[in-house]
Amino acid sequence: MHGPVRMALTGSPGVGKTTLSSLLEERGIEVVSVESIAERLDCIDVFDPSDGARPIDIDELCSLLEEDWSEKPDASLVIEGHLSHLLPVDCSIVLRCDPSVLRARLEKRGYSDWKITQNVEWEIIGGPWSEIVEDIPLLEVDTTSGSASSRIDSIMRWISDGFKPRSPTNPIDWIEREGS
């Protein structure tokens with residue numbers, strides 16, 4: 001892959017997407033949220049008090065972006081959000097976090113028990129993994145411990161290496177780790 005690309009930065013809520021997005025911006029990479037793109041293209045609904053979210057019409061958004069993004073971007077761009085891997089991107093960075101650590105992070109945010117359970121279960125079963133169907137380069141980053149700056153260094157190395165490896169050699173499997 002040569003030249004500027006569109007990269008998804010995805011993962012369950014609480015894995016560190018916003019933190020890493022800020023650090024990527026400090027490194028000179030433009031970051032936009034899925035929500036802001038959906039707002040611009042009028043593919044987002046009003047706030048739903050039952051789950052605290054603004055539903056995005058992902059099918060309509062993808063359809064509009066196929067045309068809007070038919071040409072390469074002028075500069076590399078990160079699309080941040082837990083739905084970003086569903087968009088027509090060139091590569092994906094999937095952030096993962098140990099479910100017990102994720103649960104604590106979401107509790108600290110004041111999420112409802114229902115919302116915490118939904119997000120932790122999504123992380124346990126692999127989060128975006130079950131939804132990624134394209135054969136595009138993919139980097140998986142464990143955000144359970146360690147520093148955000150070391151994670152950014154890893155992401156920047158992957159980008160500068162031409163997105164190699166194209167996929168994780170040992171994808172994270174929380175179910176298998178629990179059984180060990």
Side-chain angles (χ1 to χ4, degrees), residues 4-41 43-49 51-56 58 61-62 65 73 75-129 131-132 137-159 163 168 172 174:
V5 295
R6 291 181 184 91
M7 297 173 269
L9 180 63
T10 189
S12 304
V15 295
K17 295 180 300 293
T18 303
T19 299
L20 291 183
S21 291
S22 297
L23 294 172
L24 285 167
E25 285 181 316
E26 288 177 11
R27 300 275 182 111
I29 297 177
E30 183 183 356
V31 177
V32 296
S33 69
V34 172
E35 187 173 329
S36 68
I37 295 169
E39 285 173 346
R40 178 175 61 86
L41 296 174
C43 294
I44 192 166
D45 210 341
V46 294
F47 178 78
D48 180 352
D51 69 357
R54 293 182 64 199
I56 293 174
I58 201 71
L61 182 58
C62 286
L65 288 176
S76 287
L77 174 69
V78 168
I79 299 92
E80 178 268 328
H82 73 276
L83 299 174
S84 62
H85 60 280
L86 299 173
L87 302 180
V89 294
D90 301 303
C91 62
S92 289
I93 301 164
V94 179
L95 304 182
R96 304 292 308 277
C97 181
D98 179 277
S100 61
V101 172
L102 181 61
R103 177 175 295 284
R105 289 179 185 176
L106 297 177
E107 286 171 350
K108 200 174 195 180
R109 288 184 178 186
Y111 279 30
S112 69
D113 289 341
W114 177 85
K115 194 168 183 176
I116 291 170
T117 299
Q118 293 292 95
N119 286 302
V120 169
E121 286 178 356
W122 196 62
E123 177 64 30
I124 289 169
I125 63 169
W129 277 109
E131 300 172 335
I132 295 175
L138 187 126
L139 177 67
E140 184 177 56
V141 178
D142 187 346
T143 66
T144 303
S145 60
S147 71
S149 64
S150 68
R151 290 189 278 279
I152 287 298
D153 290 343
S154 172
I155 291 169
M156 296 305 289
R157 273 192 308 278
W158 183 67
I159 293 168
F163 307 98
I172 295 169
W174 300 123

Using modelled atom types and a 3.5 Å cut-off, is there a donor and acceptor pairing between side-chain atoms of [X] and backbone atoms of [Y]?
| X | Y | value |
| --- | --- | --- |
| Ser84 | Glu80 | no |
| Ser22 | Thr18 | yes |
| Thr10 | Val94 | no |
| Arg96 | Glu123 | yes |
| Glu30 | Ala75 | no |

Rounded to the nearest 0.5 Å, how far apart are [atom1] of [X] and [atom2] of [Y]?
| X | Y | atom1 | atom2 | answer |
| --- | --- | --- | --- | --- |
| Ser112 | Gln118 | OG | CD | 9.0 Å |
| His82 | Ile56 | NE2 | CD1 | 7.5 Å |
| Met156 | Ile29 | CE | CD1 | 4.0 Å |
| Ile58 | Leu87 | CD1 | CG | 4.5 Å |
| Leu9 | Leu20 | CG | CG | 6.0 Å |
| Arg103 | Ile124 | CZ | CD1 | 7.5 Å |

Looking at side-chain heavy atoms only, is the closest gap between [X] and [Y] below 4.5 Å?
| X | Y | value |
| --- | --- | --- |
| Met7 | Ile159 | yes |
| Leu138 | Pro168 | yes |
| Ile79 | Arg6 | yes |
| Leu41 | Leu65 | yes |
| Thr143 | Lys17 | no |
| Phe163 | Asp90 | no |

Considering non-hydrogen atoms only, spot the tightest contact between [X] and [Y] and give its length.
| X | Y | value |
| --- | --- | --- |
| Pro88 | Cys62 | CD-SG, 4.3 Å |
| Trp122 | His85 | CH2-CE1, 4.3 Å |
| Cys97 | Trp174 | C-CZ2, 3.2 Å |

Arg105 vs Asp98, salt bridge (charged side-chain N to carboxylate O under 4.0 Å, His left out): CA-CA, chis, key distance, verdict: CA-CA 11 Å; Arg105 289 179 185 176; Asp98 179 277; over 6 Å; no
Would Val34 and Leu61 satisfy side-chain contact (heavy atoms from CB on, under 4.5 Å), going step by step from the backbone distance to the final call? CA-CA 9 Å; Val34 172; Leu61 182 58; 4.2 Å; yes
